[in-house]
Amino acid sequence: MTPEVTFVGTATTVLRIGGFTLLTDPNFLHRGQRAYLGRGLWSKRSTGPALTIGELPPLDAVVLSHLHGDHFDRVARRGLDHALPIVTTPQAGRKLRRWGFEAAEGLPTWRAYELHRGDETLRLTALPGQHGPGLLDRALPDVMGSLIDLEQGGERRFRLYVTGDTLRRPQLAEIPDRFPGIDAMLIHLGGTRIAGILLTMDARQGADVVELVRPRLTVPIHYDDYPVFRSPLRHFVEEARRRGFAGRVRTVHRGETVPLTP
């Protein structure tokens, strides 16, 4: 089966890779509902999710980049199966277990978690990420990127990088060194700004990371669901065209399913 992604909205996707189905960053608030961003900050959702929790397929695990209200909301907390494995940061894992998600697994950077089915292994590795600049990052939840490797019969068949809500930072350069041959990348964009401070990659930073990681295919997500997102998708597409890699970018609409192969 060709690896594919269904875009639900924000950073929420359904990934079908081999015989496994994953959910990323579950945000199921509806248009007009407010997401809590911490430190007394809220943002009202501008879009609706393409699926409800009840419409999701059977899941093997959730991959959660960090515990923010636009990535794991009160609907997810109430509606997701509490026995479902949630692979996330150690900080988020501790809180999720207090909320009753006993299978939450907090991974330090470069540590891996595996799922097995027949001769297939899906390996989820925590990658570095940084949500805010300088000392401000300490006031934000810890964030991770994720590397998702599918192996069949002991051989790697597919490699996906999900950036999480990171900025372009020097530590990201270690990712392609450790994990070359990335087939596809789900890149969190949006250019989130609060009080004028950039907290997620805008078009320029996103293009820099594409050139750093060099995936065969890039699929942008997390770009227009909240007013704090200030860098629209078209800016990234224009930047990709200017830099000459637009042919390796595939845009996806909410509710659409696309293959993760070029």
Side-chain angles (χ1 to χ4, degrees), residues 5 7 9-13 24-25 27 37 41 43 46-47 65-66 68 70-71 109 127-147 159-180 182-254 258 260 262:
V5 58
F7 184 36
T10 318
T12 310
T13 70
T24 67
D25 290 358
N27 181 204
L37 305 181
L41 297 173
S43 188
S46 306
T47 65
S65 66
H66 66 303
H68 246 163
D70 58 334
H71 291 257
T109 303
L127 300 182
Q130 184 176 330
H131 205 336
L135 294 176
L136 177 61
D137 189 58
R138 298 182 183 179
L140 296 168
D142 292 345
V143 66
M144 73 176 194
S146 302
L147 192 84
R159 171 166 282 174
L160 172 68
Y161 171 33
V162 185
T163 66
D165 273 16
T166 187
L167 296 172
R168 179 199 62 215
R169 284 295 179 263
Q171 57 264 41
L172 300 189
E174 199 169 348
I175 294 170
D177 289 342
R178 286 178 177 250
F179 300 101
I182 291 175
D183 295 295
M185 176 167 69
L186 291 183
I187 188 168
H188 291 205
L189 295 171
T192 304
R193 287 187 182 270
I194 296 178
I197 300 171
L198 187 67
L199 300 178
T200 64
M201 290 183 284
D202 58 12
R204 182 175 297 179
Q205 285 204 6
D208 289 345
V209 170
V210 172
E211 292 179 337
L212 173 71
V213 175
R214 302 182 303 279
R216 297 175 63 207
L217 178 70
T218 296
V219 179
I221 57 175
H222 190 275
Y223 52 77
D224 70 349
D225 296 273
Y226 290 87
V228 292
F229 295 172
R230 303 296 176 84
S231 180
L233 176 61
R234 61 181 173 82
H235 287 182
F236 177 74
V237 173
E238 290 166 2
E239 188 71 13
R241 186 176 299 115
R242 187 180 71 81
R243 299 197 193 193
F245 62 79
R248 301 195 304 276
V249 172
R250 178 172 295 149
T251 58
V252 57
H253 301 290
R254 273 176 291 276
V258 299
L260 285 170

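Atoms considered below: every heavy atom in the structure, side chains included; atoms not considered: hydrogens, waters and symmetry mates.
The OG1 atom of Thr24 lies 5.5 Å from the CD1 atom of Ile221; values are rounded to the nearest 0.5 Å. Here Leu189 contributes atom CG and Leu233 contributes atom CG; the two are 7.5 Å apart, rounded to the nearest 0.5 Å.
Arg159 contributes a side-chain N or O that, together with a main-chain N or O of Pro180, makes up a donor-acceptor pair within less than 3.5 Å. Arg248 contributes no side-chain N or O that, together with a main-chain N or O of Ala246, makes up a donor-acceptor pair within less than 3.5 Å. Listed for the Ser146 side chain is no donor-acceptor partner under 3.5 Å among the backbone atoms of Val162. A donor-acceptor pair under 3.5 Å is absent between the side-chain atoms of Asp202 and the main chain of Gly191, judged by distance alone. Thr218 places no side-chain N or O within 3.5 Å of a backbone atom of Met185 that could act as its donor or acceptor partner. Panel note: side chain Arg230, backbone Pro227; a donor-acceptor pair is recorded below 3.5 Å. In terms of modelled atom types and a separation under 3.5 Å, the side chain of Thr166 and the main chain of Gly145 share no donor-acceptor contact. A distance-only check finds a donor-acceptor pair linking the side chain of Thr200 to the backbone of Thr192 [under 3.5 Å]. Side chain of Thr109 to main chain of Leu127: no donor-acceptor pair is present (N/O by atom type, distance under 3.5 Å, no hydrogens or angles).
Residues satisfying the salt bridge (charged side-chain N to carboxylate O under 4.0 Å, His left out) test with Arg242, not counting sequence neighbours, are Glu239. For Glu174, the salt bridge (charged side-chain N to carboxylate O under 4.0 Å, His left out) partners two or more places apart in sequence, or in a different chain, are Arg178.
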- Task: Mind running side chain to side chain donor-acceptor pair (under 3.5 Å) on Asp25 and Ser65 for me, showing each step along the way?
- Result: CA-CA 7 Å; Asp25 290 358; Ser65 66; 2.9 Å; yes

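When each of Arg193, His131, Gln130, His68 is paired with Leu199, the side chain to side chain contact (heavy atoms under 4.5 Å, CB included) condition holds for His131 and for no other.
Ion pair Arg216/Asp183 flagged as a salt bridge, since at least one NZ, NE, NH1 or NH2 atom sits closer than 4.0 Å to an Asp/Glu carboxylate oxygen.
Between His235 and Tyr223, the distance separating the two ring centers is not shorter than 6.0 angstrom.
Side chains of His71 and Asp165: a donor on one and an acceptor on the other come within 3.5 Å.
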Distance-only donor-acceptor pairs under 3.5 Å for side chains of residues 203-210, two or more places apart:
from, atom 1, to, atom 2, distance (Å)
Gln205, OE1, Arg168, N, 2.9
Asp208, OD1, Arg243, NH1, 2.6
Asp208, OD1, Arg243, NH2, 3.0
Asp208, OD2, Arg168, NH1, 2.2

